[in-house]
2 protein chains.
Amino acid sequence: MLDAIARLRRFNRAVTRETGALDHSYLGRGRPLGAARVLQLVTPQGTDIAEIRVKLALDSGLLSRLLRSLQAEHLISLATDPTDRRRRTAHLTPQGQTEMAAYDTIGHARAADTLARAGKNQQALIDAMDLIATTLLQDQLSLRDADPNAPEALACLQSYYDVLAQKIDGITPDMLTLPLSDPQNYVAPRGAFVIAYSDDLPVGCVSVRPHAPTTAEVKRLWVDSSARGHGLARRLMHTIETRAKALGYTSLILDTNQALPEAIALYHTTGWTPIPPYTDFPATHWFGKAL
Amino acid sequence: MLDAIARLRRFNRAVTRETGALDHSYLGRGRPLGAARVLQLVTPQGTDIAEIRVKLALDSGLLSRLLRSLQAEHLISLATDPTDRRRRTAHLTPQGQTEMAAYDTIGHARAADTLARAGKNQQALIDAMDLIATTLLQDQLSLRDADPNAPEALACLQSYYDVLAQKIDGITPDMLTLPLSDPQNYVAPRGAFVIAYSDDLPVGCVSVRPHAPTTAEVKRLWVDSSARGHGLARRLMHTIETRAKALGYTSLILDTNQALPEAIALYHTTGWTPIPPYTDFPATHWFGKAL
DNA sequence: AATAATAGCTGATCTAAGTCAGGTATCTGC
DNA sequence: GCAGATACCTGACTTAGATCAGCTATTATT
């Protein structure tokens, strides 16, 4: 192997060139990068400007000026928050939405262009980018509740089903259908659906639904391959257990399959104990835990 | 699979943050990024400032000022090129070398830190970075002659040997030793050693050495796994054949092993024809080509 | 030898970005 | 009800980076 440091530096130069071309006068729409970055965070529904300031780590004076310049372009409108009149909210105007769509088109085209350069290695390139992004962003994983019918949730479930279909003999894709048949079981006060995001890309999920008056069942623990090895599954399980307790459940159960040894090992080391079977195929192992 | 474009954007944000932090470490030594980038290109042996200007795409006025500020810090010295007294050359002073060593330490530490974050996936992270860097830089591959005893050449040979030891049954690492026993056979006027660089990182090599008065032997064709699929082997072979012809040879021979089917396929499609065996194990196939 | 081209420098000017010390309006806790 | 905290704004200032016109010295062309 050639020097790892030299490789990392070459990587840095390569992506600096790639994203640098992207940076300067952001995507060539005649707007400084700072203003463009702010614009990206403003939604038609309105974004609290304090949120923008925190996310971009901007000085309040600087942000104030950037917002004013965007307002002068009629891309955003500013309003006072009625609940706290010190705060202000930025809204994307119809003109602003048009402008954002233009950014989107360009960004899309650039991304497609980059992927095209990989030729037949496209999937390998995406996998490589995933691994790097997840590694670099591992300190920024955020776990948030989601609507089980939201597109991100369905994407997670689809990925989860793909894993099952690939790993467990006898499972075919048509045995697993979307969306869930009982979504209301996965929202408070009956249950929960938690997604782990790495910079807004879902990389893991877990859910809990009612099983008996004081017992809930944990379902659909999934961690994307690019995000493994950082204890995310453990974190997801800990979160869902806490959530179930808060919902008033006093015990949890779950089933799993022998083809998922990492999951089984995790349950064994986190206080779960084997219980009698309560489901059929594809389950081969059953666990319970008192909260 | 989740949306490829979203993944690519997440990747962009992740590495932007990462290389941004790297930029700040340059700033961390009390010098603006521009000056630091210039300093990186100045060698103790002297660098033509026109070369710096082209590489960094700097305005001559701006570069002039940056050089002056580095000179004021006693990190570089400027001299007039004796062969063309309009040109100037920048040399790294001993103080400058000390400063560069400091940058090197920082870069090394940061790189080690990034790699450490990958935990046990370190090798996977490096492979992923290689694939991305090579894909993004594929239009920037440069083929240059090298001294067969130079560190880059030895690194190539080591990688080549690793491939052989891994793919061919019966080869053990101790059968292949560095450096070459006959380096003088690989430099003009007897032979050549060509390395393919992707932004200064060797990703492939090939060589030719004398076999008979008008016949030379092609040896050690290697392409790094991250650089495959872009026709680099073909380009290396074309280059080495042209080089052999320029050295006065009228025919070429080579041997290879059945465990390297891509190489054999390449020879078949580029005018090489099977010839009688002229070597023993590990060779299993022999080819010749008239120039 | 006259002219044009080239390499580099200087001074003037501009923009983006960031920093900081106030200032105003509003809210919160006691 | 009031002190202090909070959210945001304003104006003044700084730095990095870039651009451009014009300058000198040198080399190449004819």
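Since the structure is predicted, the reported quantities are computational estimates derived from the model, not experimental observations. Chain letters run A, B, ... following the sequence lines, proteins first, then strands; residues in each count from 1. As a basis for the values below, the full set of heavy atoms in this structure was taken, side chains included, without hydrogen atoms, waters or symmetry mates.
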Taking salt bridge (charged side-chain N to carboxylate O under 4.0 Å, His left out) as the test, write out the residues that go with [X], two or more places apart.
X      : result
A/R144 : A/D200
A/E99  : A/R29, A/R31
B/R86  : B/D84
B/R85  : none

Can you name the residues that form a side-chain hydrogen bond (donor to acceptor under 3.5 Å, both in side chains) with [X], not counting sequence neighbours?
X      : answer
A/S226 : A/T134, A/D224
A/R68  : none
A/N149 : none
A/D147 : none

Could you list the protein-to-nucleotides 10-12 of chain C atom pairs, N/O on both sides, closer than 3.5 Å?
{"from": "C/dT10", "atom 1": "OP2", "to": "B/R68", "atom 2": "NE", "distance (Å)": "3.2"}
{"from": "C/dT10", "atom 1": "OP2", "to": "B/R68", "atom 2": "NH2", "distance (Å)": "2.5"}
{"from": "C/dG11", "atom 1": "N7", "to": "B/R65", "atom 2": "NH1", "distance (Å)": "3.0"}
{"from": "C/dG11", "atom 1": "O6", "to": "B/R65", "atom 2": "NH2", "distance (Å)": "2.7"}

Distances under 3.5 Å between nitrogen or oxygen atoms of protein and nucleotides 27-30 of chain C:
{"from": "C/dC27", "atom 1": "OP1", "to": "A/R85", "atom 2": "N", "distance (Å)": "3.0"}

Inset, instruction - Check DNA chain D against residues 47-54 of chain A and give the residues with a non-hydrogen atom under 4.0 Å, in numerical order. - result: A/D48, A/I49, A/A50, A/R53
Legend entry - Selection residues 38-58 of chain A - residue pairs positive for salt bridge (charged side-chain N to carboxylate O under 4.0 Å, His left out), sequence neighbours left out: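 Those involving residues 38-58 of chain A are A/D48-A/R87, A/E51-A/K55.
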